[in-house]
Amino acid sequence: MPKSKRSKLVSLTKVDKKTREHKSAVMENVKENADKWKYCWLFEVGAMRNAHLKAVRNLWKDSARIFFSRSALLAKALGTTPEEEHCTGIHKLAKQIEGQVGLLFTDTEPQEVIEWFADFSQPDFARAGNVASRTVILPVGPIMMYHSDPPIPFPHNEDPQLRKLGLTTTMERGVPTLRTPHKLCQKGKVLTSEQAQLLKLIGEKMVTFRVSLIARWDAATGEVTQVEGPKLTAEEVVAGDVEDEEAMSE
């Protein structure tokens, strides 16, 4: 009789050793890039989605290196005190690292970096915990999928799922239909899991992935400059993906 996969033993000692070695390698990689590039930018991400961050990585792959992972690891790599800092003045940037943030190393001049990220954004579907940016009311009639062009009604086999998510539907000519308007969500209210799923099903994108630059370290002067402009709100940061350390830099 084959052994159950559930009964398989995993050596915690080996896992811990691999984790320590990997963290050390990541820290060395951060230090190497601090030595290589003219600027190090600290940034945070609104509506974090791995796919969108990978798109940013790809667009900058020839002129930058991006790290996005645990803040404690990034801060330790740079050094948070004058005595521990890896490069002159970089501890002033490391002290600002907290929460879900990343580092961008590049030689591209500051104004070009600021303008590029100010112009880059990607709409996406909200998740449970995000705040509704607008009120959505489903009208009387067939329930439509608006991500299609033109919009098309849901097929009959989706009716059980729509009911499970809170819609009171009837079947008319094989199409899930509402006989009364249904307020799916209200602007300013936190979305539930069911609401987020319904918004995705109908194709209603309610959050925007964007990168907000916080500060910049200059290797030539050792100075840290704060980036002016609007910052992300707590609502924008919540309920995003978190990249694992294996994929944090490319």
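Quick note: residue numbers are just sequence positions, from 1.
Here the CD1 atom belonging to I114 is positioned 12.0 Å from the OG1 atom belonging to T108, to the nearest 0.5 angstrom. A distance of 12.5 Å separates CG in L74 from OG1 in T80, rounded to the nearest 0.5 Å. In this structure, NE2 on H22 lies 9.5 Å from CG on N29, to the nearest 0.5 angstrom. Between the CD1 atom in I202 and the NZ atom in K205 there is a gap of 13.0 Å [rounded to 0.5 Å]. We find the NZ-NZ distance between K23 and K76 to be 8.5 Å, quoted to the nearest 0.5 Å. Note that the CZ atom of F105 and the NZ atom of K38 stand 15.5 Å from one another [nearest 0.5 Å].
At distances below 3.5 Å, not a single donor-acceptor pair connects side-chain atoms of T169 with backbone N or O atoms of L167. A donor-acceptor distance shorter than 3.5 angstrom exists from the side chain of N130 to the backbone of R127, with no hydrogens or angles considered. Between the side chain of H52 and the backbone N or O of F209 there is no donor-acceptor pair closer than 3.5 Å. Side-chain atoms of D159 never come within 3.5 Å of backbone atoms of P176 as a donor-acceptor pair (strictly under, hydrogens ignored). Judged by distance alone, the side chain of W217 and the main-chain N or O of H91 form no donor-acceptor pair under 3.5 Å. Panel note: side chain T135, backbone K187; a donor-acceptor pair is recorded below 3.5 Å. Judged by distance alone, with hydrogens and angles left aside, the side-chain atoms of R57 form a donor-acceptor pair with the main-chain N or O of I66 at under 3.5 Å. A donor-acceptor pair is defined here as one N or O able to donate and one able to accept, closer than 3.5 Å; no such pair exists between the side chain of S121 and the backbone of R210. With hydrogens and angles ignored, the 3.5 Å screen pairs no side-chain donor or acceptor of Q161 with any backbone N or O of E158.
Summarising the local packing, NZ of K31 is surrounded by more than 12 heavy atoms from other residues, nucleotides or ligands at distances under 6.0 Å. A 6.0 Å sphere centred on CG of D119 holds no more than 12 heavy atoms belonging to other residues, nucleotides or ligands. Counting non-hydrogen atoms of neighbouring residues, nucleotides and ligands closer than 6.0 angstrom, the CZ atom of R179 reaches no more than 12 such neighbours.
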Assess the residue pair V113 and W60 against the criterion (side chain to side chain contact (heavy atoms under 4.5 Å, CB included)); give the C-alpha distance rounded to whole Å, side-chain angles, the decisive distance to 0.1 Å, and a yes or no.
CA-CA 10 Å; V113 174; W60 282 85; 3.9 Å; yes

Would V190 and V131 count as a side chain to side chain contact (heavy atoms under 4.5 Å, CB included) if you check the C-alpha gap in whole Å, the side-chain angles of each, and the deciding distance to 0.1 Å?
CA-CA 4 Å; V190 176; V131 174; 4.2 Å; yes

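Aromatic ring orientation, W41 versus Y39: tilted (interplanar angle from 30° to 60°).
A126 approaches A196 most closely through the heavy-atom pair O-CB, 3.8 Å.
Here K164 does not pair with E194 in a salt bridge; the nearest charged N to carboxylate O distance is not below 4.0 Å. Salt bridge status for E44 with K231: absent, with no side-chain N to carboxylate O gap under 4.0 Å.
For E28 and S24, the side-chain atoms include no donor-acceptor pair closer than 3.5 Å.
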